[in-house]
A.B. asks: 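I'd like to ask you about the structure that follows.
Letters go in sequence order (proteins before strands), and every chain restarts at 1.
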Number of protein chains: 2
Amino acid sequence: MELSPTAYVILGMLAWRPMSGYEIKALVDKSTRFFWAASYGQIYPELRRLAEAGLIEGKASPQGGRQRNVYRLTRAGQRELEAWLGVDAGVFETRDEGLLKLFFAEAGGTEAAILALDSKRREHERTVARLEEIEATGKPEGFALHVLRYGIECNRWQAQWCKRTMRELETEDSNLRRTA
Amino acid sequence: MELSPTAYVILGMLAWRPMSGYEIKALVDKSTRFFWAASYGQIYPELRRLAEAGLIEGKASPQGGRQRNVYRLTRAGQRELEAWLGVDAGVFETRDEGLLKLFFAEAGGTEAAILALDSKRREHERTVARLEEIEATGKPEGFALHVLRYGIECNRWQAQWCKRTMRELETEDSNLRRTA
DNA sequence: GGTTGCATGTAAAACGTTACATGATTTT
DNA sequence: AAAATCATGTAACGTTTTACATGCAACC
């Protein structure tokens with residue numbers, strides 16, 4: 001049947017408690033988004049596929065006149081999730097345009113490199129701030145909390161690296177100017 | 001005209017020196033691949049588009065009877081690259097299935113979490129080894145070397161985090177067992 | 001009465017990977 | 001003679017984003 005990691009995001013969240021697609025999306029945006037994003041355009045069709053495969057079950061649960069489908073994990077879905085946990089992860093990918101700019105910064109001189117580093121630093125600091133806000137307001141627990149702290153620490157590390165490397169480049173650059 | 005970051009990978013490499021699509025792909029695999037991957041299926045069509053847009057120029061340069069098209073950056077391409085360096089980066093994304101498994105590890109208990117952490121740790125250690133090999137054999141320099149070192153240090157940090165967190169979980173777990 | 005939030009969904013486009021097809025040259 | 005490397009390209013497939021369309025409910 002071969003499910004995508006995005007499918008396991010859904011199975012994993014439904015293992016916590018039954019939820020609607022809308023709730024799943026909201027939760028994703030407050031949690032997995034930083035290492036596995038998902039849009040409505042993925043979530044709703046995937047819910048349908050998973051239901052067809054018998055891994056989840058949907059039930060219409062309107063709130064007043066407002067449409068609502070709540071899904072829950074079936075036993076087969078629970079087994080599928082556990083099996084996935086037992087095998088090594090496949091995907092690990094990064095797309096970092098800031099690093100790309102630094103990599104090619106020769107074409108714009110040291111100023112371009114410093115610009116790229118400063119922009120990347122600010123990006124990571126913004127992420128740290130957002131994750132800290134989630135930690136403070138969302139009160140996550142268990143392994144999810146460990147993952148959240150990873151996000152905070154890793155982004156902090158990256159921001160620090162940018163600062164450190166910026167200082168290095170500035171020193172190198174002023175040394176060059178002095179000796180030139 | 002709105003180019004994708006992948007297009008700038010090509011422009012950036014051609015700013016170093018003229019190259020064929022094949023060479024670009026080989027270089028990508030030894031450098032940007034760790035923060036911006038690109039396949040032949042992207043590179044060859046993109047070369048054609050960039051040439052049509054006048055940002056690069058291709059010239060047939062067969063080696064014996066072996067077909068070969070070498071591209072070089074035009075002045076317009078150089079300007080385009082410099083303009084891109086001047087604005088803040090857009091894309092920063094991570095897809096980390098290992099973190100996803102840790103995040104949902106409740107469904108498999110502490111063993112599942114430790115499995116995920118150990119697998120992720122090994123993945124980062126393999127990456128460090130590959131990057132160190134590139135550093136030793138490829139002799140990169142300038143900003144590219146800074147980026148390579150970033151890759152090494154960041155993956156090392158991530159491997160360390162996995163180790164540390166594994167230890168934490170093991171201690172917590174044995175404490176629970178002891179007091180239970 | 002307007003904005004925000006809850007709620008579901010699709011269609012088109014963009015992006016990216018994989019597998020395939022082809023063929024020359026160089027190395028073992 | 002086989003295997004690896006150089007070299008170009010496409011087609012099919014899968015993934016992901018974006019924009020759009022719709023409508024109820026709650027709050028201000």
A.B. asks: So, does B:Ser4 get its side chain near the phosphate of C:dC15, meaning an N or O under 4.0 Å from OP1 or OP2?
C.D. replies: no

A.B. asks: Tell me the interatomic distance from A:Leu3, atom CG, to D:dT15, atom C1', rounded to whole angstroms.
C.D. replies: 14 Å

A.B. asks: Any idea which of C:dG9, D:dT8, C:dA7 is nearest the A:Arg48 side chain?
C.D. replies: C:dG9

A.B. asks: Should the pair B:Glu125-B:Arg121 be classified as a salt bridge under the 4.0 Å nitrogen-to-oxygen rule?
C.D. replies: yes

A.B. asks: Expressed in angstrom and rounded to an integer, what is the separation of A:Phe35 atom CZ from D:dT16 atom C1'?
C.D. replies: 18 Å

A.B. asks: May I have the distance from B:Leu27 (atom CG) to D:dA7 (atom C1'), rounded to whole angstrom?
C.D. replies: 15 Å

A.B. asks: How are the rings of A:Phe103 and B:Trp16 set to each other: parallel, tilted or perpendicular (split at 30° and 60°)?
C.D. replies: tilted

A.B. asks: On the nucleotide D:dT8, are OP1 or OP2 found under 4.0 Å from the side-chain N or O atoms that B:Tyr44 carries?
C.D. replies: yes

A.B. asks: What nucleotide among C:dA7, C:dA24, C:dG9 has an atom nearest to a side-chain atom of B:Arg66?
C.D. replies: C:dA24

A.B. asks: The side chain of A:Ser20 lies closest to which of these nucleotides: C:dA7, D:dA7, D:dT8?
C.D. replies: C:dA7

A.B. asks: Using whole Å, report how far OH of B:Tyr8 lies from P of C:dC15.
C.D. replies: 12 Å

A.B. asks: Between atom NZ in B:Lys25 and atom P in D:dG9, what is the gap in whole Å?
C.D. replies: 16 Å

A.B. asks: Between B:Tyr71 and B:Arg95, just flag the one whose closest nucleotide in DNA chain D comes earlier from the 5' side.
C.D. replies: B:Tyr71

A.B. asks: May I ask you to verify if any side-chain N or O of B:Thr6 is less than 4.0 angstrom from the OP1 or OP2 atom of C:dG16?
C.D. replies: yes

A.B. asks: Reckon B:Gln67 touches a base, only the sugar-phosphate, or nothing at all at heavy-atom distances under 4.0 Å?
C.D. replies: sugar-phosphate

A.B. asks: Please state how far atom CG in A:Asp29 lies from atom P in D:dT18, giving the value in whole angstrom units.
C.D. replies: 12 Å

A.B. asks: With respect to the side chain of A:Trp36, which nucleotide from D:dT8, C:dT8, D:dT16 is positioned closest?
C.D. replies: D:dT16

A.B. asks: Kindly say if B:Tyr22 contacts the phosphate of D:dC6, meaning a side-chain N or O under 4.0 Å from OP1 or OP2.
C.D. replies: yes

A.B. asks: Using the six-membered ring wherever Trp is involved, compare the ring planes of B:Tyr150 and A:Trp161 and label them parallel, tilted or perpendicular (cut-offs 30° and 60°).
C.D. replies: perpendicular

A.B. asks: Answer yes when B:Glu46 and B:Arg49 have at least one side-chain N-carboxylate O distance shorter than 4.0 Å, and no when they do not.
C.D. replies: yes

A.B. asks: Kindly assign one of parallel, tilted or perpendicular to the pair A:His146 and A:Phe143, based on the angle between their ring planes and the thresholds 30° and 60°.
C.D. replies: tilted

A.B. asks: Tell me whether the side-chain N/O atoms of A:Arg68 come closer than 4.0 Å to OP1 or OP2 in C:dA7.
C.D. replies: yes

A.B. asks: Please state how far atom CZ in A:Phe92 lies from atom P in C:dT17, giving the value in whole angstrom units.
C.D. replies: 15 Å

A.B. asks: Base, sugar-phosphate alone, or nothing: which one does B:Ser39 contact when heavy atoms must sit under 4.0 Å apart?
C.D. replies: base

A.B. asks: Measure the distance from CD on A:Glu2 to P on C:dT17 and round it to the nearest whole Å.
C.D. replies: 18 Å

A.B. asks: Does a side-chain N-to-carboxylate-O contact under 4.0 Å join B:Glu153 and A:Arg164?
C.D. replies: yes

A.B. asks: Look at A:Gln63 and C:dC6 and indicate whether a side-chain polar atom (N or O) is within less than 4.0 Å of OP1 or OP2.
C.D. replies: no

